[in-house]
Trainee: 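Mind having a look at this structure? Questions to follow.
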Protein chains: 2
Amino acid sequence: MRKSSRHGDPAYDFPVEPDEVDWKLIGLLQEDGRMTFVELGRRVSLSAPAVTERVRRLEQAGVITGYRAVVDQRRLGLPIEAVVRVKVRSLDTPRFRERVVVLPQVVDADHVSGEDCWLLRVVCRSTGDLEGFVEEAQRYGDTTTSLVFSSPVRNRAVGRGMVEG
Amino acid sequence: MRKSSRHGDPAYDFPVEPDEVDWKLIGLLQEDGRMTFVELGRRVSLSAPAVTERVRRLEQAGVITGYRAVVDQRRLGLPIEAVVRVKVRSLDTPRFRERVVVLPQVVDADHVSGEDCWLLRVVCRSTGDLEGFVEEAQRYGDTTTSLVFSSPVRNRAVGRGMVEG
DNA sequence: CGTGAAAGGACGGATGT
DNA sequence: ACATCCGTCCTTTCACG
């Protein structure tokens, strides 16, 4: 793995160039974030210390930013999931960030181009809870709310085939 | 942790009722999916075998569905991220699932209520790549594409406070 | 960058309260 | 439901190619 060093681009000497083995490790750890280094080594035909160093390097390069348990909110009393698009007036954006984006129901918040400049994914215990959230968001701009029926793809792994091949 | 057994609801005897310790474990593993059972035990003042059994139970109950490394696509040559909303004609939905939802650029696909019945989060190497994707999606319905500028919240941890408190 | 060996730690099953 | 014990496996460091 090597940085594409455009001679001293200061703090952002990126992207990074993983080799075939790095891509395999990235793929394996996206599938099972708790896989041991010994097992990773078996999968890529390297010793445990070798993969350990590769993974540490990927972490320090900011390619792997962390490891997370994936949780099913429906089994935790949070059956309602929705995407709320908000057309926030630009003067209200700082307050929107401070008062809406930070609410615990918000599991994803994206600032995007286009009319609806914010896209919030929220999880709630009830439609009443969702109603309260949307009313709060309404104070900062027009909203459009879509209930999530199902999510056939969720956090699909990023793979080598997407960048070349 | 106990199931809210509505007497024999067959495969979906859910949701589950985690106790305080379970919630702590869920929180810790969402923050660091590779935390060892010994360390988890230290954090919740239990022995390693005790937390191991709790975590196994949470996994088998479908509360924790997996563990994933979180990857920064921008550092892997995929700097373009967008959300594409698609108003798919209902007769075309099966083909849309087979030919668009499965494309590797799609990292999230949600079937939602409202006019734009599909919401796709895609990552691409270039705007040209995105253009190609959107053209493919266009074949199944009208699309609205928003470039993601930034994502102040990404996969925020689900916590106890959201379900009661 | 890679391997192999050795020490310390974590894991997983059995057992007892 | 939890703690302790213990054998095995994993992690980490280091000397070396």
Side-chain angles (χ1 to χ4, degrees), chain A residues 1-5 13-71 75-77 160 163-164, chain B residues 1-5 13-71 75-77 160 163-164:
Chain A
M1 196 192 67
R2 191 174 53 78
K3 295 185 178 183
S4 67
S5 55
D13 203 2
F14 296 108
V16 133
E17 291 180 13
D19 64 16
E20 306 262 359
V21 173
D22 288 322
W23 274 111
K24 273 192 185 174
L25 295 173
I26 292 166
L28 289 165
L29 285 171
Q30 283 180 102
E31 297 298 324
D32 178 5
R34 284 182 79 85
M35 191 175 289
T36 66
F37 293 121
V38 169
E39 180 61 23
L40 288 168
R42 281 194 275 263
R43 305 291 186 92
V44 301
S45 305
L46 280 180
S47 66
V51 305
T52 305
E53 204 176 295
R54 279 173 177 268
V55 171
R56 296 280 173 255
R57 234 194 290 275
L58 290 166
E59 290 168 356
Q60 283 167 13
V63 172
I64 295 174
T65 60
Y67 302 87
R68 297 179 55 85
V70 180
V71 158
R75 307 225 165 145
L76 287 171
R160 157 143 229 194
V163 48
E164 58 155 300
Chain B
M1 196 190 67
R2 192 173 53 77
K3 294 184 181 184
S4 67
S5 55
D13 202 2
F14 295 107
V16 133
E17 291 181 12
D19 64 16
E20 307 259 0
V21 174
D22 288 322
W23 274 111
K24 273 192 185 175
L25 296 173
I26 292 165
L28 289 165
L29 285 170
Q30 284 180 104
E31 298 296 324
D32 178 6
R34 283 183 79 85
M35 191 175 288
T36 67
F37 294 122
V38 171
E39 180 61 24
L40 288 169
R42 280 194 275 263
R43 305 292 185 92
V44 302
S45 305
L46 280 179
S47 68
V51 305
T52 304
E53 203 176 295
R54 279 173 176 267
V55 172
R56 296 278 174 258
R57 232 195 291 275
L58 290 167
E59 290 168 356
Q60 284 168 11
V63 173
I64 294 175
T65 60
Y67 301 87
R68 298 179 54 85
V70 180
V71 158
R75 307 227 165 144
L76 287 171
R160 157 143 229 191
V163 47
E164 57 153 301

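Numbers restart at 1 for each chain; the letters A, B, ... are given by sequence-line order, proteins then strands.
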Trainee: When you measure from the centre of the six-membered ring of B/Phe37, is the NZ or CZ of A/Arg34 under 6.0 Å away and within 45° of the axis?
Mentor: yes
Trainee: Look at the side chain of A/Ser47 and decide which nucleotide, out of D/dA3, C/dA10, C/dT3, has an atom nearest to it.
Mentor: C/dT3
Trainee: Among B/Leu29, B/Thr65, B/Ile26, which one satisfies side chain to side chain contact (heavy atoms under 4.5 Å, CB included) with A/Val71?
Mentor: B/Ile26
Trainee: Decide yes or no for B/Val44 and B/Leu25: does some side-chain heavy atom of the first lie under 4.5 Å from some side-chain heavy atom of the second?
Mentor: yes
Trainee: Using whole Å, what does the distance between atom P of nucleotide C/dG12 and atom CZ of B/Arg57 come to?
Mentor: 15 Å
Trainee: Could you tell me how far apart A/Arg54 (CZ) and C/dG2 (P) are, to the nearest whole angstrom?
Mentor: 4 Å
Trainee: Under a 3.5 Å distance rule, please check whether A/Arg68 uses its side chain to pair with a backbone N or O of B/Val70 as donor and acceptor.
Mentor: no
Trainee: Can you tell me the distance, in whole Å, between the CG atom of A/Leu40 and the C1' atom of D/dC9?
Mentor: 15 Å
Trainee: Does B/Glu53 have more than 12 heavy atoms from other residues, nucleotides or ligands lying within 6.0 Å of its CD?
Mentor: no
Trainee: Let me know, please, whether B/Arg42 or A/Val21 comes out on the 5' side of the other along DNA chain C by nearest nucleotide.
Mentor: A/Val21
Trainee: Dot-bracket notation for DNA chain D is requested: 5' to 3', Watson-Crick or G-U wobble pairs only, both distances under 3.5 Å, with ( ), [ ], | and . as defined.
Mentor: ||||||||||||||||.
Trainee: How far does the P atom of D/dC16 sit from the matching atom of C/dC1, given to the nearest Å?
Mentor: 22 Å
Trainee: Indicate yes or no: at least one non-hydrogen side-chain atom of B/Leu46 is less than 4.5 angstrom from one of B/Arg54.
Mentor: yes
Trainee: How does protein contact run along nucleotides 11-17 of chain D, one letter per nucleotide 5' to 3', with B for base contact, S for sugar-phosphate only, - for none, heavy atoms under 4.0 Å?
Mentor: BBB----
Trainee: Are A/Glu39 and A/Arg43 within salt-bridge range, i.e. N to O under 4.0 Å?
Mentor: yes
Trainee: What closest approach, in Å, do A/Asp22 and A/Asp19 show between heavy atoms, and which atom pair accounts for it?
Mentor: N-OD1, 2.8 Å
Trainee: Taking atom P of C/dC1 as reference, at what distance in whole Å does atom CG of A/Leu46 sit?
Mentor: 12 Å
Trainee: Send over the distance from B/Glu20 CD to D/dC2 P, rounded to a whole Å.
Mentor: 14 Å
Trainee: What distance separates A/Leu58 CG from B/Arg75 CZ, expressed to the nearest 0.5 Å?
Mentor: 12.0 Å
